[in-house]
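Positions are given from 1, in the same order as the sequence printed here. Counting convention: from 1, in listed order, for ligands and their atoms alike.
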Amino acid sequence: MEFQNTAQFAAQLDAQDPLNSFREQFLIPKHNGNDAIYLCGNSLGLQPKTTQQYIGDKLNEWHHLAVEGWFQGDSPWLDYHKQLLPALADIVGAKPAEVTVMNSLTINLHLLMVSFYQPKNGRYKILMEGGAFPSDQYAVESQVRFHGFDPADAIIEVFPRNGESTLRTQDILDVIQANANEVALVLFSGINYYTGQFFDLKAIAQAAHEAGAIVGFDLAHAAGNVPLQLHDWEADFACWCSYKYMNSGPGGVSGVFVHERHHQNKELNRFAGWWGYRNDTRFKMAPGFEPEAGAEGWQVSTSPVLLMAAHKASLDVFEKAGGVNALYSKAKTLTGYLEYLISQVNQKIDYELFKIITPTDVCQRGSQLSLICKHNGRAIFDYLVKQGVIGDWREPDVIRLSPVPLYNTFADVYIAASHLADAAKAITA
Ligand SMILES: *Cc1c(COP(=O)(O)O)cnc(C)c1O
């Protein structure tokens with residue numbers, strides 16, 4: 001598409017946008033009485049207007065039914081999570097039995113590594129992207145230590161080549177192959193939080209399996225953002241949070257995926273709890289853990305029903321919008337427009353002040369651009385905040401901007417870029 005750097009063109013794109021009306025279903029924070037330009041959905045997605053009602057319904061059931069709420073009412077709490085699974089399965093490309101919602105993300109990463117990181121016969125290494133999200137690094141280091149290995153030896157990180165910011169798929173595949181005898185687990189994020197690079201998960205899964213390793217994905221920045229096919233790609237496991245692109249509230253309940261080929265495997269270690277017990281006999285409270293078939297067999301604790309209600313409110317919005325594919329189709333244009341406008345800012349001052357490190361290939365990114373600011377980055381970021389543009393800052397010099405197709409407009413992107421242009425002019429004046 002031929003973009004134009006005018007407010008009128010942005011308004012025209014908004015008028016043609018089939019998802020345009022969805023913005024009205026969200027609560028947009030204000031700045032000086034106007035809607036803020038919220039480009040931070042990669043960190044905390046906005047609140048659907050229906051969320052209060054969904055949580056309110058559960059509070060009412062608690063009020064009127066109290067403990068009977070587990071078994072009575074219109075949607076008894078005991079099975080409430082099951083109502084979330086079809087939409088969630090759709091978002092990550094799984095069968096409903098392969099997903100469930102429980103705990104929070106880092107906890108789930110640990111629980112899944114208990115099952116799927118089982119070093120044996122000299123195969124004990126974990127291969128991951130360099131510069132992974134810190135929580136994942138800490139989780140992996142501590143798992144490796146838990147099994148008696150030294151992280152410096154047992155963790156292989158793949159870094160971009162000198163002078164490059166993102167990874168080449170072929171380099172990832174080559175490192176996997178080169179370590180084929182020692183790698184137990186290949187663990188990658190779906191989208192790197194810092195650069196916004198969307199990895200070729202299908203190719204990574206295939207290479208990992210060819211090397212004889214298990215493959216798992218942390219989809220914190222990918223779930224609800226880009227199309228995923230976890231079942232067909234044959235990922236062994238995955239987990240994600242619901243509070244970034246999935247708009248389910250701070251600390252919202254996390255999702256997990258376990259491929260169906262592992263559902264009957266009794267050899268896998270599990271840190272078990274009663275909520276993973278066979279549904280039909282759980283309340284016989286018998287000794288000896290027997291897992292429910294499917295991802296639900298990894299559940300540990302009593303459902304956080306209020307968090308699930310918030311998640312359900314958001315999943316229903318996703319369904320109405322036509323799922324991730326519809327969103328991704330808008331995201332490509334919306335992110336592309338931001339990319340174009342930033343290149344215009346650089347062009348006008350005849351200097352690449354903002355260097356976009358997110359891949360230019362639309363298949364390797366979602367709704368996020370990460371810009372290195374070559375001068376006065378922090379001051380530019382603070383200026384944006386003062387103008388009501390909310391992105392986020394990552395040391396030492398990166399601004400992340402994430403226009404989210406469900407609630408951001410082309411006008412949002414245009415206004416954000418014009419503030420960037422003003423900041424750039426002020427610096428070079
Ligand atoms: C956001 C994020 C987390 C956060 O994990 P919590 O347990 O929810 O705090 C972990 N890993 C990745 C890759 C993330 O992007």
Side-chain angles (χ1 to χ4, degrees), residues 39-46 88 91-92 99-114 116-117 126-144 155 157-159 166-167 172 185-199 201 204 215-226 228 230 235 237-257 271 298-301 304 306-308 310-311 314 357-358 364-370 390-395 398 400-402 404:
L39 301 178
C40 212
N42 59 322
S43 187
L44 180 68
L46 293 181
L88 197 60
I91 286 173
V92 298
V99 295
T100 196
V101 283
M102 60 190 208
N103 314 312
S104 17
L105 172 54
T106 310
I107 294 287
N108 286 338
L109 190 55
H110 275 298
L111 291 174
L112 290 165
M113 279 195 280
V114 163
F116 293 104
Y117 173 53
I126 299 182
L127 192 152
M128 63 195 297
E129 91 236 43
F133 193 87
S135 200
D136 297 36
Q137 295 184 37
Y138 309 148
V140 168
E141 283 168 24
S142 55
Q143 285 280 333
V144 159
I155 300 173
E157 292 176 299
V158 194
F159 284 97
T166 52
L167 283 163
I172 301 171
L185 169 65
V186 174
L187 180 69
F188 255 72
S189 69
I191 291 185
N192 179 271
Y193 80 103
Y194 194 85
T195 64
Q197 180 177 17
F198 178 21
F199 296 113
L201 301 183
I204 292 172
V215 64
F217 297 127
D218 183 330
L219 303 172
H221 283 83
N225 179 15
V226 289
L228 300 164
L230 293 179
F237 70 89
C239 47
W240 54 89
C241 57
S242 64
Y243 51 81
K244 291 174 180 168
Y245 291 96
M246 286 215 277
N247 310 323
S248 301
V253 66
S254 161
V256 306
F257 163 90
F271 282 174
W298 271 263
Q299 292 169 181
V300 180
S301 284
L306 300 180
L307 296 182
M308 288 179 179
H311 199 16
S314 171
I357 55 174
T358 307
Q364 291 185 60
R365 69 187 189 198
S367 299
Q368 173 186 333
L369 291 181
S370 301
I390 306 169
D392 76 5
W393 174 253
R394 283 284 167 265
E395 293 294 343
V398 166
R400 297 187 303 176
L401 300 173
S402 298
V404 171

Show me which atoms of ligand 1 lie under 4.0 Å from any heavy atom of Ala220.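 Here the atoms of ligand 1 in question are 2 (C), 12 (C), 13 (C), 14 (C), 15 (O).
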
Which of the numbered atoms in ligand 1 are under 4.0 angstrom from any heavy atom belonging to His221?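 Near His221, the atoms of ligand 1 are 15 (O).
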
Min N/O separation [X] to ligand 1 under 3.5 Å:
X	result
Lys244	yes
Ser104	no
Thr106	yes
Ser189	no

Check: Gln368 side chain, Tyr193 main-chain N or O, donor-acceptor pair, under 3.5 Å: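 A pair under 3.5 Å: yes.
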
Any donor-acceptor N/O pair, Gln299 side chain to Met102 backbone, under 3.5 Å: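 Absent.
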
Of all the heavy-atom pairs spanning [X] and [Y], show the shortest one and how long it is.
X	Y	answer
Phe199	Ser189	CD1-O, 3.1 Å
Ser43	Tyr243	O-CD1, 3.7 Å
Pro304	Val253	CG-CG2, 4.1 Å

Tell me the protein heavy atom at minimum distance from [atom], and give that distance in Å.
atom	answer
atom 3 (C) of ligand 1	Phe133 CE2, 3.3 Å
atom 11 (N) of ligand 1	Asp136 OD1, 2.6 Å
atom 4 (C) of ligand 1	Tyr243 OH, 3.2 Å

Using heavy atoms and a threshold below 4.0 Å, how should the contact between Asp218 and ligand 1 be classified: side chain, backbone, both, or neither?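 The part of Asp218 near ligand 1 is the side chain, not the backbone.
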
Answer yes if the side chains of Ser254 and Asn103 hold a donor-acceptor pair under 3.5 Å, and no otherwise.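 No, Asn103 and Ser254 have no side-chain donor paired with an acceptor closer than 3.5 Å.
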
Donor on one side chain, acceptor on other, Thr195 and Thr166, under 3.5 Å: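 No donor-acceptor contact under 3.5 Å links the two side chains.
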
